[in-house]
Amino acid sequence: MQPFAPTSSIPSRGFTLIELLVVLSIILLLGGLALHGITKQTASQRMDGLQKTFITFLLSARKAAVMQHVDVIVCPIRTQRRTMSDTSVCGKRNQWHLGVLAFTDHNRNLKLDANDAVVAQLPGFKNATIRWRAFRNRAYLRFTAQGLTDWQNGHFLICGTSAIPELSRQITLNYAGRLYTAKDRNRDGVYENARGETLQCD
């Protein structure tokens, strides 16, 4: 019997430069897509958190109105004081992202007087805008001592600064002071209002 003779070895061959570039391009493309997905998911979670925080704030203001049996004003806070003796007062329309204030309003003058008290306060929100649209078209929201909204049924529209549809959120407030959030009924990642229309931030 003759000893086993090894077959001729196949010469080793490395990758060409083009092959390496193709593989590198695929890796970069997949990495970019993954990073984009993570960034988008993080931004969406941030908007969800902002919506929950704002809902909690509104519920606290309504509860204070009922428990203390007094009107409570919710409004965007004016961040710049005009004089050193200035107290916290309501700011301009649709500047809710700069900060939100809720305070008792015993004499219904929309000012935080000496006999009034701050119920709750939120700092400014980064990378978001908040708009209030309601019946009677007021820049503020009033909860009455009964927990009603002084005929101000409307909604808060929360948007990202980039106006991406997937980052839009909406809190609807009815006359009775009940809160409802917009839903993603068709599960396409974009929220719709009660009429089934996509939330518009532009």
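We're numbering straight along the sequence, starting at 1.
Annotation for Val74 and Ala102: closest pair CG2-CB, 4.1 Å, computed over non-hydrogen atoms. Among all heavy-atom pairs drawn from Ala134 and Gln152, the shortest one is CB-O, 3.6 Å. Here the closest non-hydrogen pair linking His69 and Ala145 is C-CB, 3.6 Å. Among all heavy-atom pairs drawn from Ala139 and Pro76, the shortest one is O-CD, 3.6 Å. Shortest non-hydrogen contact noted between Ala64 and Val119 is CB-CG1, 3.4 Å.
For Arg187, the CZ atom counts as loosely surrounded, since its 6.0 Å shell holds 12 or fewer non-hydrogen atoms of other residues, nucleotides or ligands. Heavy atoms from other residues, nucleotides or ligands lying under 6.0 Å from CZ of Arg136 number more than 12.
To the nearest 0.5 Å, atoms CH2 (Trp96) and CZ (Phe125) are separated by 10.5 Å. Atoms OG1 and CG, on Thr56 and Leu58 in that order, are 9.0 Å from each other to the nearest 0.5 Å. Arg178 contributes atom CZ, which lies 4.5 Å from atom CZ of Arg62 (distance to the nearest 0.5 angstrom). In this structure, Trp151 CH2 and Thr144 OG1 are separated by 10.5 Å, a value rounded to the nearest 0.5 Å. The distance from the CZ atom of Phe156 to the CZ atom of Phe54 is 4.5 Å, given to the nearest 0.5 Å. Between Arg46 atom CZ and Leu167 atom CG the span is 7.5 Å, to the nearest 0.5 Å.
Looking only at side-chain heavy atoms (C-beta outward), Asp184 and Glu192 come within less than 4.5 Å of each other. Annotation: side chain of Lys52 is not in contact with side chain of Leu50 (no heavy-atom distance under 4.5 Å). Under the 4.5 Å side-chain criterion, counting only non-hydrogen atoms from C-beta, Cys75 is in contact with Phe103. Within the 4.5 Å cutoff, the side chain of Ile158 has heavy atoms near those of the Met47 side chain. Residues Tyr140 and Asp150 fail the side-chain proximity criterion, which asks for heavy atoms closer than 4.5 Å. Taking 4.5 Å as the limit, some side-chain heavy atom of Asn94 sits within range of a side-chain heavy atom of Arg133. Within the 4.5 Å cutoff, no side-chain heavy atoms of Ile171 are placed close to those of Tyr180. Counting only heavy atoms from C-beta outward, the side chains of Asn193 and Gln170 approach each other to under 4.5 Å.
Both Ile77 and Val118 are members of a single hydrophobic cluster when ILVMFWY side chains are connected at heavy-atom separations under 4.5 Å. Tracing side-chain contacts under 4.5 Å through hydrophobic residues (I, L, V, M, F, W, Y), one reaches Leu112 starting from Ile73; they form part of the same cluster. Cluster annotation: Val190 is not connected to Leu157 through the hydrophobic network of ILVMFWY side chains, with a link wherever side-chain heavy atoms come within less than 4.5 Å. The cluster map of Ile, Leu, Val, Met, Phe, Trp and Tyr, joined by side-chain heavy atoms under 4.5 Å apart, puts Ile55 and Tyr191 in different clusters. Leu173 and Leu122 end up in the same hydrophobic cluster when Ile, Leu, Val, Met, Phe, Trp and Tyr side chains are linked at under 4.5 Å.
Side-chain atoms of Asn174 come within 3.5 Å of backbone N or O of Ala176 as a donor-acceptor pair. Looking at Asp105, its side chain does come within 3.5 Å of a backbone N or O of Leu110 through a donor-acceptor pair.
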>> Set out, in order, the CA-CA distance, both residues' side-chain angles and the distance that settles side-chain contact (heavy atoms from CB on, under 4.5 Å) for His97 and Lys126, then state yes or no.
In response: CA-CA 7 Å; His97 61 284; Lys126 293 182 178 179; over 6 Å; no
>> Determine whether Thr149 and Phe143 satisfy the following criterion, side-chain contact (heavy atoms from CB on, under 4.5 Å), listing intermediate values before the conclusion.
In response: CA-CA 5 Å; Thr149 63; Phe143 285 112; 4.1 Å; yes
>> Please evaluate residues Lys63 and Val66 with respect to the criterion side-chain contact (heavy atoms from CB on, under 4.5 Å), reporting the C-alpha separation (whole Å), side-chain torsions for both, the decisive distance (0.1 Å), and the verdict.
In response: CA-CA 5 Å; Lys63 181 179 179 180; Val66 175; 5.9 Å; no
> Hey, mind stepping through Phe57 and Leu59 against side-chain contact (heavy atoms from CB on, under 4.5 Å) and telling me if it holds?
Replying inline: CA-CA 5 Å; Phe57 176 86; Leu59 291 176; over 6 Å; no
> Checking side-chain hydrogen bond (donor to acceptor under 3.5 Å, both in side chains) for the pair Ser44/Arg169: CA distance, chi angles, key distance, verdict?
Replying inline: CA-CA 10 Å; Ser44 181; Arg169 303 291 184 270; 3.0 Å; yes
